[in-house]
Amino acid sequence: MKIVILDGYTANPGDLSWERLEDIAEVTVYDRTLPEDVAKRAKGADAILVNKVVIGRKEIDSLPDLKYVGVLATGYNVVDVAYAREKGIVVTNIPAYSTDSVAQMVFAHLLAVTNRVEHYSRLCREGKWSSSSDFCFWDTPLTELSGKTMGIVGLGNIGMKVATIARNFGMDVFAVTSKPSASLPEGIQKTTLEGLLAISDVLSLHCPLTPETKHVINADTIAMMRPHSIIINTGRGPLIDDDAVAEALSTGKLAAYCTDVMSEEPPSPECPLLRCDNAFITPHIAWATVEARKRLIDIATNNVEAFMAGTPANVVK
């Protein structure tokens, strides 16, 4: 079986191995692939693995030998799944490989706002503590999470993990979810989006990006929120309206916006959020711990093995 990995760099920039996959197939790995190079590089391949490279109708039609597309991510919007199915091509994804890592990033962001460890480490290096008249020194508010309300939009694997951690911090947890109230664990209360916005000190976004959820956080919904609340987005960038959030940060309506995802990736230098001191932005790395990436490669290999055995796993419906 001939496999071509079209954009393997982000999953494995060199610190991991494709060895298991190479043991069962002929594998060619490209770090990155431009759209115009897809057909040439994947020519003759039985299977391709992609992360962000788009495999649409045009690409599928240019690859008559293609039988399998493995998406190296949970989201699979880069593939025209319906057309692939029509052509008899199996498409798989990697579910739940990064749950713990993304949930960890949610609280890394939240603690960055409430405890300001980086800020105080820098001030200590600059001598501020050394020159203090007191045994301690601080120049920002410091906030305890216990007793605060965590609002979660979307209770999939990551949202549920975030809820569990929030409960362990002593936070009250409310959620917008399609799950029935009776099925939710103790300590998680279901509510409406409007209700969630009104009560949340911290709002964490974990819903998929759909036409209904695009810009779910906008000027109107921000107006429903508590003053000086915090929004955390590790879902998808377009869940928020960049301009509306930037405006709310500049006026103090929001205390902070913490995000690992942007509407455009990499973001334009003109993005208004990049000019906000209280926007805490990381470059789409919540999923990228060594452990999560190793899990991703392992599951991707398992998916290929299952396909070769005639029993495909994690098939996108």
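Every value quoted in this text rests on a predicted model; they were computed, and no experiment measured them.
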- Could you tell me whether K161 atom NZ has more than 12 heavy atoms of other residues or ligands within 6.0 Å of it? no
- Message: Please give me the minimum heavy-atom distance between P95 and I299, naming the atom from each residue.
- Response: O-CD1, 4.4 Å
- Message: If you count heavy atoms of other groups shown closer than 6.0 angstrom to CD of E305, is the number above 12?
- Response: yes
- Task: Establish, for the pair R57 and Y83, whether the NZ or CZ atom is under 6.0 angstrom from the six-membered ring centre and no further than 45 degrees off its axis.
- Result: yes
- Enclosure of E19 CD (heavy-atom neighbours >12, cutoff 6.0 Å): no
- Item | Crowding at CZ, F137 (>12 non-hydrogen neighbours, <6.0 Å) | yes
- Can you label the angle between the F107 ring and the F169 ring as parallel, tilted or perpendicular, going by 30° and 60°? parallel
- Task: Return yes when atom NZ of K190 has more than 12 non-hydrogen atoms of other residues, nucleotides or ligands closer than 6.0 Å, and no otherwise.
- Result: yes
- Item | Check: V162 and M150 side chains under 4.5 Å, non-hydrogen atoms | yes
- Spacing of OG belonging to S250 relative to CZ belonging to R275, to within rounding of 0.5 Å: 10.5 Å
- Message: Among D298, N314, N93, which residue satisfies the side chain to side chain donor-acceptor pair (under 3.5 Å) criterion with N303?
- Response: N314
- Message: Pairing donors with acceptors under 3.5 angstrom, does anything connect the side chains of T92 and Y68?
- Response: yes
- Electrostatic pair R122:E118 at N-O distance under 4.0 angstrom: no
- Item | Between S98 and S101, a side-chain donor and acceptor under 3.5 Å | no
- Message: Taking A244's backbone N and O only, do any of them form a donor-acceptor pair with E247's side chain (distance below 3.5 Å, no angle check)?
- Response: no
- Go through K67 and D46 one step at a time and tell me if the salt bridge (Lys or Arg N to Asp or Glu O under 4.0 Å) criterion holds. CA-CA 5 Å; K67 305 174 185 67; D46 303 291; 2.9 Å; yes
- Message: Any carboxylate oxygen within less than 4.0 angstrom of a Lys/Arg side-chain nitrogen, looking at D23 and R20?
- Response: no
